[in-house]
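Following: one structure in structure tokens, then a few remarks.
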Amino acid sequence: MARAGLTTERVTTAGAELADEVGLDNVTMSQVARRLGVKDASLYTHVRNLEDLRGRIALLAADEKTILIAEATAGRAGKDALVAYANAWREYARRHPGRYTATQTPLRIDPELAAAAPGPRRAVELTYGMLHAYGLAEPDLTDAVRLLRSTFHGFVALEAAGGFAHRRSPQQSWLRALDALHTLLEHWPQAREGEAAP
């Protein structure tokens, strides 16, 4: 019998907190059970296994990150929206490193669970909406989304790993990178002749 008060949400939150402390790859079911003060077996009433738990952490994190970005970008457009979006992304990655990793790691997630989760869907809407304001359409939209994700993720991953040892502060480089992205988005190169939209 499951312990009273133990829910899938509580198990997922405990796993997410642990991921932020020790890293997503180091989370185990035993550690989550100890954190909640229950036996390992009690968890399996609420999550199928470690893979299921990691998938749920990813969806929780996607929802949290999307809410943060939506709040930051509300009422903004153009460069203001881009900077607010990027800063919210970076802030989430810094504040919740384990959860953030879950949003950037290919994980097998229950299709029904993924389909019902608002975070990933809302993230796409926010990102494409911001880029539509730059006048982009497919296939440029998808290319621009990939560019932003690569830039933001690459920067925060290198920063978290201590990869910016130069005396110039990472913050200065971050701001210049956002300036450069804005300029590029405003002057997006024409698609090559014959290139088809997806």
Side-chain angles (χ1 to χ4, degrees), residues 1-74 84-130 142 145-146 148-163:
M1 185 170 181
R3 175 172 166 166
L6 195 62
T7 64
T8 301
E9 291 71 25
R10 281 193 65 207
V11 173
T12 303
T13 299
E17 290 169 353
L18 193 58
D20 287 338
E21 293 168 14
V22 303
L24 182 68
D25 289 342
N26 297 317
V27 171
T28 67
M29 297 295 278
S30 293
Q31 287 174 314
V32 174
R34 280 197 299 275
R35 189 180 195 94
L36 291 167
V38 299
K39 295 186 187 247
D40 293 17
S42 300
L43 300 183
Y44 294 96
T45 303
H46 305 284
V47 294
R48 288 193 304 274
N49 49 39
L50 183 59
E51 183 179 71
D52 182 37
L53 175 60
R54 286 179 175 168
R56 290 174 184 278
I57 291 169
L59 293 176
L60 169 68
D63 195 39
E64 291 175 339
K65 183 161 78 82
T66 300
I67 290 169
L68 191 66
I69 289 171
E71 290 172 349
T73 57
Y85 184 111
N87 286 340
W89 179 302
R90 187 179 178 208
E91 179 185 345
Y92 189 82
R94 284 171 154 179
R95 198 188 310 168
H96 299 294
R99 297 181 215 207
Y100 174 76
T101 297
T103 69
Q104 302 300 311
T105 304
L107 297 168
R108 272 192 270 180
I109 300 174
D110 181 301
E112 286 185 24
L113 194 63
R121 187 172 54 255
R122 183 74 177 116
V124 171
E125 292 168 359
L126 282 168
T127 309
Y128 277 70
M130 178 183 69
T142 295
V145 167
R146 289 173 176 168
L148 293 185
R149 183 178 177 193
S150 299
T151 304
F152 300 160
H153 177 62
F155 195 101
V156 300
L158 286 167
E159 185 176 38

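Everything numeric in this text was worked out from a predicted model, so none of it was measured.
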query: With the threshold set at 4.0 Å, does a side-chain nitrogen-carboxylate oxygen contact exist between Arg122 and Glu125?
result: yes
query: Looking at side-chain heavy atoms only, is the closest gap between Met130 and Leu148 below 4.5 Å?
result: yes
message: If you define the side chain from C-beta out and look only at heavy atoms, does anything of Asn87 sit under 4.5 Å from Phe152?
response: no
- request: Answer yes or no: is there a side-chain heavy-atom contact under 4.5 Å between Tyr92 and Ile69?
  value: no
task: Please report the closest heavy-atom contact between Gln31 and Asn26, naming both atoms and the distance.
output: OE1-O, 2.7 Å
Residues which pass ring pair (Phe, Tyr, Trp, His ring centres under 6.0 Å) with Phe155, listed by chain and number, not counting sequence neighbours: Phe164, Trp174
message: Using 0.5 Å steps for rounding, measure from the OG1 atom of Thr101 to the NE2 atom of His153.
response: 7.5 Å
query: Is the His96-Tyr100 ring centre distance short of 6.0 angstrom?
result: no
query: Which heavy atom in Ser30 sits nearest to a heavy atom in Asp40, and how many Å separate them?
result: OG-OD2, 2.6 Å
- request: Could you check if a side-chain atom of Glu64 sits within less than 4.5 angstrom of a side-chain atom of Leu68, using non-hydrogen atoms only?
  value: no
query: For the residue pair Val27 and Arg54, what are the closest heavy atoms and their distance?
result: O-NH2, 3.5 Å
- prompt: Do you know the tightest heavy-atom contact between Thr103 and Ala61?
  reply: CG2-CB, 3.4 Å
message: Closer than 3.5 angstrom, by distance alone: can the side chain of Arg99 be matched with the main-chain N or O of Leu60 as a donor-acceptor pair?
response: no
message: Which heavy atom of Ala102 sits nearest to which heavy atom of Leu24, and what is that distance?
response: CA-CD2, 3.7 Å
task: Hey, could you give me each pair passing salt bridge (charged side-chain N to carboxylate O under 4.0 Å, His left out) that has a residue in residues 148-160? Not counting sequence neighbours.
output: Arg90-Glu159, Arg94-Glu159
query: Are any non-hydrogen side-chain atoms of Leu53 and Ile57 less than 4.5 angstrom apart?
result: yes
message: Could you measure the distance from the CG atom of Asp52 to the OG1 atom of Thr8? Nearest 0.5 Å is fine.
response: 8.5 Å
query: Which heavy-atom pair separates Leu59 from Pro120 by the least distance, and what is that distance?
result: CD2-CG, 4.0 Å
Distance-only donor-acceptor hits, side chain of residues 32-39, under 3.5 Å, sequence neighbours excluded:
from, atom 1, to, atom 2, distance (Å)
Arg35, NE, Glu17, OE1, 3.4
Arg35, NH1, Glu21, OE1, 3.1
Arg35, NH2, Glu21, OE2, 2.6

